[in-house]
Amino acid sequence: MKNQIVIVLDFGGQYNQLIARRVRECGVYCEVKPYTTPLAEIKAMEPIGIIFTGGPDSVYLEDSPKVDPEIFTWGVPILGICYGCQFMSHTLGGRVTEAQDDTAREYGKTATYYDTSCKIFKGLPEQGISWMSHGDYMAAIPEGFSLVAHSDACPNVAIADESRGFYGVQYHPEVNHTENGVKMIRNFLYEVCGAKGDWTMGDYCKRAIAEIREKVGDGKVLLALSGGVDSSVAAALLAEAVGSQLTCVFVDHGLMRKNEGDEVEAAFSKWDIHFVRVDAESRFLGKLVGVSEPEQKRKIIGEEFIRVFEEEAKKIGRVDFLVQGTIYPDVIESGAGKAAVIKSHHNVGGLPDYVDFKEIIEPLRLLFKDEVRQLGRELGLPEYLVMRQPFPGPGLAIRIIGDITKEKADILRDADAIFREEIANAGLDRSINQYFAVLTNTRSVGVMGDGRTYDYTLALRGVTTTDFMTADWARIPYEVLDKVSVRIVNEVKGINRIVYDITSKPPATIEWE
């Protein structure tokens with residue numbers, strides 16, 4: 001059965017993915033499309049509602065992003081957010097101008113007053129905090145619209161033409177800073193668009209399995225298993241769908257976290273699949289001898305991974321299908337245009353074009369990370385694997401600053417395991433989105449017992465984030481950091497100093513290299 005769908009039309013807003021995630025969280029399927037998408041394509045999808053995102057432009061400029069006004073004639077409800085609100089107002093006969101003073105320009109947390117007789121504010125408090133980010137101002141609203149929210153500085157924070165199902169808000173309801181923002185989105189979906197809430201991972205799982213079986217038939221399927229959440233869930237889904245026709249190749253490059261290889265192998269022992277674990281530690285470490293430059297490390301590991309995977313693929317024989325763990329943010333971001341290379345990404349799924357396959361299967365390409373985790377639970381993956389911390393493809397190689405040796409990798413493995421264990425013991429493993437240890441190449445003087453030491457400084461990193469595009473450093477309680485520090489310097493030989501990274505992203509990245 002086809003799901004109801006809401007289309008999120010992206011005008012270049014920084015929160016486009018977050019809007020889509022909020023809609024999905026409300027049990028409604030949605031897709032993000034660029035504003036340049038042909039109207040015929042959008043109409044053919046039969047959306048029950050459309051959401052215009054924010055964006056950095058001013059609607060009154062000639063070259064600003066625009067959609068054909070025909071979209072307003074379809075009888076489909078539309079919610080405009082920030083730029084999307086101003087675009088709606090400007091296109092339907094209102095007037096948008098540059099804010100001349102602080103009475104119309106608003107940024108950050110703002111006290112806002114709502115008309116709760118309006119459908120999108122139904123059942124909500126009459127006052128709350130909203131997250132503003134607009135330098136333009138709706139000087140006049142279109143005919144047929146009413147003002148349904150205001151702030152102390154701005155009289156037209158939200159507008160509505162309820163007879164046509166058109167709503168516009170100057171603020172961002174999708175961000176956590178806006179109180180009851182998700183409830184406003186939910187009201188738009190259910191009170192205005194008539195959503196049924198038919199998007200569930202249980203239904204998706206059944207449908208995906210059926211579609212994979214139909215596509216694969218009696219063909220052979222190959223998947224490069226990294227042990228991360230995405231590839232593990234993809235493997236579990238394919239295992240359920242085609243069983244022994246699937247071969248998973250897990251390359252243990254000697255730069256995994258403590259016991260990780262054994263955990264991955266154990267997790268997939270229950271499925272009827274061919275699981276191949278390749279012990280390539282000496283091979284990878286040999287290639288990395290004397291290499292300290294981060295980008296070079298990544299490229300060496302990526303290249304060597306291809307070589308190992310190529311050798312294993314040839315042993316299997318003809319492969320009909322190749323599985324990639326692509327997820328929806330990858331799909332969205334692939335259309336974001338050219339960007340500077342911050343760091344090369346280790347994406348095994350997209351690399352082995354030497355394999356003779358009919359087609360690539362990307363069973364997760366419609367899912368956000370939180371949905372991938374939900375799907376993993378539906379498939380019976382253990383919770384420790386479903387909630388595994390994000391782990392870079394090059395592994396510990398980019399968490400060891402400077403050259404890499406087995407001794408350093410073992411030191412970092414032990415220290416990182418203690419950090420992760422104590423975070424879990426403190427009940428913080430769900431609230432901190434990523435946390436890990438970094439072995440720096442800095443040595444410093446210390447004292448243990450009556451003796452002088454000259455050992456490594458270990459850095460701890462913990463961040464909170466919704467999308468990993470930006471992140472804030474996690475406020476880990478001092479008593480937890482103290483316990484971690486004491487344990488590491490006492491239990492891990494070679495470390496005598498612990499520091500905690502309190503830098504956000506930007507300006508830093510989450511990983512150190």
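Computed from a predicted structure; not experimentally measured. Note: hydrogens, waters and symmetry copies are ignored here, and every other heavy atom, side chains too, is used.
A distance-only check finds a donor-acceptor pair linking the side chain of Thr440 to the backbone of Thr457 [under 3.5 Å]. Ser58 contributes no side-chain N or O that, together with a main-chain N or O of Tyr60, makes up a donor-acceptor pair within less than 3.5 Å. Panel note: side chain Arg413, backbone Met256; a donor-acceptor pair is recorded below 3.5 Å. Checked by atom type and distance alone, the side chain of Thr73 pairs as donor or acceptor with a backbone atom of Glu70 at under 3.5 Å. The backbone N or O of Gly123 sits nowhere less than 3.5 Å from a side-chain atom of Lys183 that would complete a donor-acceptor pair. Under a 3.5 Å cut-off, the side chain of Arg22 and the backbone N or O of Glu174 do form a donor-acceptor pair. No donor-acceptor distance shorter than 3.5 angstrom exists from the side chain of Tyr167 to the backbone of Lys119, with no hydrogens or angles considered. Side-chain N or O atoms of Asp416 include none that pairs as donor or acceptor with a backbone N or O of Phe436 at under 3.5 Å. Put simply, the side chain of Asp161 never gets that close to the backbone of Phe145: no donor and acceptor are under 3.5 Å apart.
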| Stepwise side chain to side chain donor-acceptor pair (under 3.5 Å) check, Lys483 with Ser485 | CA-CA 5 Å; Lys483 191 170 185 179; Ser485 177; over 6 Å; no
| request: Please step through ring-ring contact (aromatic ring centres under 6.0 Å, His included) for the pair Phe87 and Phe11, ending with a clear verdict. | output: CA-CA 10 Å; Phe87 169 73; Phe11 288 93; 5.5 Å; yes
| query | How far apart are the C-alpha atoms of Arg257 and Glu263, what are their side-chain angles, what is the distance that settles it, and do they pass the salt bridge (Lys or Arg N to Asp or Glu O under 4.0 Å) test? | reply | CA-CA 10 Å; Arg257 289 169 289 199; Glu263 290 175 359; over 6 Å; no
| Criterion salt bridge (Lys or Arg N to Asp or Glu O under 4.0 Å) on Glu422 and Arg487, from CA distance to verdict | CA-CA 10 Å; Glu422 291 301 333; Arg487 280 197 60 191; 2.7 Å; yes
| message | Assess the residue pair Ile50 and Ile71 against the criterion (side chain to side chain contact (heavy atoms under 4.5 Å, CB included)); give the C-alpha distance rounded to whole Å, side-chain angles, the decisive distance to 0.1 Å, and a yes or no. | response | CA-CA 9 Å; Ile50 296 170; Ile71 201 168; 3.7 Å; yes
| said: The test is side chain to side chain donor-acceptor pair (under 3.5 Å); show your working for Gln434 and Glu511 and say whether it passes. | reply: CA-CA 10 Å; Gln434 191 168 353; Glu511 297 289 344; 3.2 Å; yes
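The pair Arg298-Glu513 does not count as a salt bridge, with every side-chain nitrogen at least 4.0 angstrom from each carboxylate oxygen. A salt bridge is absent between Glu191 and Arg186: the closest approach of a Lys/Arg side-chain nitrogen to an acidic carboxylate oxygen does not fall below 4.0 angstrom. We find that Arg377 and Glu383 are joined by a salt bridge, their nearest charged nitrogen and carboxylate oxygen being less than 4.0 Å apart.
Contact check for Ile401 versus Leu439: no side-chain heavy atoms found under the 4.5 Å cut-off. Between Val157 and Tyr171, the closest side-chain pair of non-hydrogen atoms falls below 4.5 Å. With a 4.5 Å cut-off on side-chain heavy atoms, Val229 and Ser232 do not count as touching. Using a 4.5 Å cut-off on side-chain heavy atoms (C-beta onward), Ile476 and Tyr500 make contact. Put simply, the side chain of Ile129 does not reach to within 4.5 Å of the side chain of Thr112, judged on heavy atoms. Considering only heavy atoms from C-beta on, Ile7 comes within 4.5 Å of Met45 through its side chain. Looking only at side-chain heavy atoms (C-beta outward), Val386 and Leu375 stay at 4.5 Å or farther from each other. Looking only at side-chain heavy atoms (C-beta outward), Trp473 and Thr503 stay at 4.5 Å or farther from each other.
There is a side-chain donor-acceptor pair under 3.5 Å between Trp512 and Asp501. In this model, a donor atom of one side chain and an acceptor atom of the other lie less than 3.5 Å apart for Asn3 and Arg207. Side chains of Glu46 and Gln4: no donor on one and acceptor on the other come within 3.5 Å. Glu31 and Tyr29 form a side-chain donor-acceptor contact under 3.5 Å, judged by distance and modelled atom types alone. With no hydrogens or angles considered, no side-chain donor-acceptor pair links Asp429 and Tyr435 at under 3.5 Å.
Interatomic distance, Ile327 CD1 to Ser231 OG, rounded to the nearest 0.5 Å: 11.5 Å. The structure places CZ of Arg373 at 12.0 Å from CG of Leu381, a figure rounded to the nearest 0.5 Å. With rounding to the nearest 0.5 Å, the separation of CG in Leu396 from CZ in Phe391 is 4.5 Å.
Under a cutoff of 6.0 Å and an axis angle of 45°, Arg164 and Phe166 do not form a cation-pi pair.
For the residue pair Ser89 and Arg95, the shortest heavy atom distance occurs at OG-N, 4.3 Å. Gly12 and Pro56 get closest at one heavy-atom pair: O-CD, 3.6 Å.
Counting heavy atoms of neighbouring residues, nucleotides and ligands inside a 6.0 Å radius, atom CD of Glu143 does not exceed 12 of them. Within 6.0 Å of atom CD in Glu293, more than 12 heavy atoms from other residues, nucleotides or ligands are found, so the atom counts as buried in its surroundings.
Using bins of under 30°, 30° to 60° and over 60° for the plane-to-plane angle, the ring pair Tyr114/Phe121 lands in the tilted bin.
Paired with Glu371 under the rule salt bridge (charged side-chain N to carboxylate O under 4.0 Å, His left out), one option of Arg21, Arg24, Arg365 passes, and it is Arg24.
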